[in-house]
Participant: 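First the structure, which I've put down as structure tokens, then a few questions once you've had a look.
Only a predicted model underlies this, so the values are computations on that prediction, with no experimental measurement involved. Atom set for the values below is all heavy atoms of this structure, side chains included, hydrogens, waters and symmetry mates excluded.
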Protein chains: 2
Amino acid sequence: MGAADSDATRPLRRDAVRNRERVLVAAGRLVAEHGVDVSMEQIAQEAGLGIGTLYRRFPNKDALVDALVEAFVEQVVDAGRSLLVRDEGTGLEDFLREAGRSLSEQRGCLPRLWHPSRATPATREARVVVGALLAQAQEHGRVEPGIAVGDVFVLLWALRGIIETTGELAPGAWERHLDLHLAGLRCRPLPTTRPPVSLDQIAHLAPPGA
Amino acid sequence: MGAADSDATRPLRRDAVRNRERVLVAAGRLVAEHGVDVSMEQIAQEAGLGIGTLYRRFPNKDALVDALVEAFVEQVVDAGRSLLVRDEGTGLEDFLREAGRSLSEQRGCLPRLWHPSRATPATREARVVVGALLAQAQEHGRVEPGIAVGDVFVLLWALRGIIETTGELAPGAWERHLDLHLAGLRCRPLPTTRPPVSLDQIAHLAPPGA
DNA sequence: CGGCATACGGAATCGCCGTTCCGTTTCGGC
DNA sequence: GCCGAAACGGAACGGCGATTCCGTATGCCG
């Protein structure tokens, strides 16, 4: 079968690698600032490239945005992982603050952030890291045992909603909400009887309007 | 000035009134289900009318969506007002649950909900009603005195974010978040030092990407 | 240096959607 | 029932943006 290696990923030419990077940087900047509705032409211009070049690296606009989102999630997850090694019990809170800050800077990505058509590697990894951070917080008595990983994800989605709404008009709003909510997570007994979102549910978030 | 009454709103013909209502109903249904990106043609079809008729009642699509959003906000505010008269202290919590339920049903409107180009009458009224509900809750000792109207709005935006993300996959997620958060609002001393969002900031929410 | 696969640019294509226009139909007062 | 104003339907227009295509330029290997 000589065709076996026809889809093997051949190394890109040096200029192609450089340009791919330029596209991602340009798209990242524009999307963060103006949202996902920036046109491919704007991105190409920002990158100093032709439109055709964008399409040589990414089959379509969706793929480009997906790449941006994936990179963003990876960055946040990495931040969380590095907080994990300290094992101080405050890792979860620090992570949430860090994530909030990142969300604020990537406002344009937000509508796409938790709407992947299916779970990506970074999303899966996020569940693991958050679970570990939560476990540490609970061991140190900073969070009630009844709190689940799903609750932390829901909190992230809440922060996203706040940041999306307040934009730069009230940049500190999300952090006050976080402070208040963290207090709720410490309450004993657990102030709710409703079950948390399950890991499975987290994994199956569907795109809107589908 | 014979032109003085040239812009007086003349009563609509009976069929025009009926059709205007049909448009709003159809648009409401489609937007709730599929989001604001439904085309005018789809709305016209759902309403059983021609496109031209839509444009006779609403100057453009934005105006139509604005009318939907305004109606939605009014409905929620009315619900809040009716909780106010009981003066039981639980009005605020009941209002938040009611609002969450309404948000869940109007998922498609959400991206536009708190992005009016400028404050509408309903939005202004919302501030008043929420303020009164909060005051009652505080008098009854169900919410700490340090909590402000802005905190309640931020909580609503948080719920919106959760509902937008979870959709019908985890319909109860927002309510658990609310339970946990309400516990935080009761904590003494106030678990944060950050200032709440001000009324003025609430009034000046700007459209995204502007 | 030569040859070619790979990459690039950007004009042209294509489809979609908001909006406009105008001939036809319907309402409502007389 | 008759008439003019108001309303209706839906084809046609215009713009925008994603995507494609192909002639040209460039890195890479021998």
Side-chain angles (χ1 to χ4, degrees), chain A residues 2-3 5-27 30-31 33-69 108 111-112 117 207 209, chain B residues 2-3 5-27 30-31 33-69 108 111-112 117 207 209:
Chain A
D5 58 344
S6 66
D7 56 357
T9 312
R10 202 182 304 270
L12 294 176
R13 241 166 60 174
R14 196 162 301 156
D15 54 346
V17 172
R18 172 172 48 78
N19 286 338
R20 187 193 148 92
E21 196 53 32
R22 282 187 186 170
V23 170
L24 284 172
V25 169
L30 287 180
V31 168
E33 188 168 356
H34 302 291
V36 289
D37 282 343
V38 288
S39 70
M40 289 297 263
E41 207 150 317
Q42 284 174 281
I43 295 171
Q45 187 164 26
E46 173 84 8
L49 299 169
I51 315 160
T53 304
L54 270 63
Y55 280 92
R56 180 161 308 275
R57 291 300 141 239
F58 302 93
N60 52 46
K61 187 178 176 180
D62 256 20
L64 172 53
V65 175
D66 282 349
L68 282 179
V69 169
R112 289 287 286 273
S117 309
Chain B
D5 59 343
S6 65
D7 57 357
T9 311
R10 201 183 305 268
L12 293 178
R13 242 166 58 173
R14 198 160 300 154
D15 55 346
V17 172
R18 173 172 49 77
N19 286 338
R20 186 192 148 93
E21 197 52 33
R22 282 186 187 171
V23 171
L24 284 173
V25 169
L30 288 180
V31 168
E33 188 168 356
H34 302 291
V36 289
D37 282 344
V38 288
S39 69
M40 289 297 263
E41 208 151 316
Q42 284 174 280
I43 295 171
Q45 187 164 26
E46 174 85 8
L49 299 169
I51 315 159
T53 304
L54 269 63
Y55 280 92
R56 181 161 306 275
R57 290 302 142 237
F58 303 93
N60 51 46
K61 187 178 176 180
D62 257 19
L64 172 53
V65 175
D66 282 351
L68 283 179
V69 170
R112 288 287 285 273
S117 310

Participant: Dot-bracket for DNA chain D: what is it, with Watson-Crick or G-U pairs under 3.5 Å, [ ] where a pair crosses earlier ones, and | for a pair to another strand?
Facilitator: ||||||||||||||||||||||||||||||

Participant: Taking only the side-chain heavy atoms of A:Arg57 (C-beta and beyond), determine which of C:dC8, D:dC8, C:dT6 contains the nearest atom.
Facilitator: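 Selected nucleotide (nearest to the side chain): C:dC8.
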
Participant: Going from CG on B:Leu30 to CD1 on B:Ile43, what distance comes out if it is rounded to the nearest 0.5 angstrom?
Facilitator: 6.5 Å

Participant: Tell me: CG of B:Leu49 to P of D:dA7, nearest whole Å?
Facilitator: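 Value for this atom pair: 14 Å.
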
Participant: Roughly how many Å is it from CD in B:Gln45 to P in C:dC17, rounded to a whole number?
Facilitator: 13 Å

Participant: List for me each residue that meets salt bridge (Lys or Arg N to Asp or Glu O under 4.0 Å) alongside A:Asp37, sequence neighbours excluded, and say none if there are none.
Facilitator: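 Expected list: none.
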
Participant: Take the protein atom CZ of A:Arg20 and the nucleotide atom C1' of C:dT6, then report the distance between them rounded to whole Å.
Facilitator: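 Answer to the nearest Å: 16 Å.
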
Participant: A:Asn19 side chain N/O closer than 4.0 Å to the phosphate oxygens (OP1, OP2) of C:dC8?
Facilitator: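 Indeed, a polar side-chain atom of A:Asn19 lies that close.
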
Participant: How would you list, by chain and number, every residue that makes a side-chain contact (heavy atoms from CB on, under 4.5 Å) with B:Val36, sequence neighbours excluded?
Facilitator: B:Val31, B:Val65, B:Arg112

Participant: Test of understanding: with side-chain hydrogen bond (donor to acceptor under 3.5 Å, both in side chains), list the residues that count as partners of A:Asn60, not counting sequence neighbours.
Facilitator: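 In terms of side-chain hydrogen bond (donor to acceptor under 3.5 Å, both in side chains), with neighbours along the sequence ignored, A:Asn60 is linked to no residue.
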
Participant: From B:Asp66 CG over to B:Lys61 NZ, what is the distance, rounded to the nearest 0.5 angstrom?
Facilitator: 12.0 Å

Participant: Just jot down the side-chain hydrogen bond (donor to acceptor under 3.5 Å, both in side chains) partners of B:Gln45, sequence neighbours excluded, or say none.
Facilitator: none

Participant: Would you kindly give the CZ-to-C1' distance between A:Arg10 and C:dA7, to the nearest whole Å?
Facilitator: 14 Å

Participant: Look at the side-chain N and O atoms of B:Thr53 and state whether any lies under 4.0 Å from the OP1 or OP2 oxygen of D:dA7.
Facilitator: no

Participant: Return each pair, listed once, that meets salt bridge (charged side-chain N to carboxylate O under 4.0 Å, His left out) where at least one residue sits in residues 16-26 of chain B; pairs must be two or more places apart or across chains.
Facilitator: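 Every candidate salt bridge (charged side-chain N to carboxylate O under 4.0 Å, His left out) pair involving residues 16-26 of chain B fails, so no pair, neighbours aside, qualifies.
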
Participant: Listing request: all side chain to side chain donor-acceptor pair (under 3.5 Å) pairs with a residue in residues 48-59 of chain A, at least two apart in sequence or in separate chains.
Facilitator: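 Passing the test, one end in residues 48-59 of chain A: no pairs.
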
Participant: Treating primed atoms plus P, OP1 and OP2 as sugar-phosphate and everything else as base, which nucleotides of nucleotides 16-30 of chain D get B, S or - for protein heavy atoms under 4.0 Å?
Facilitator: -SSBB-----BSS--

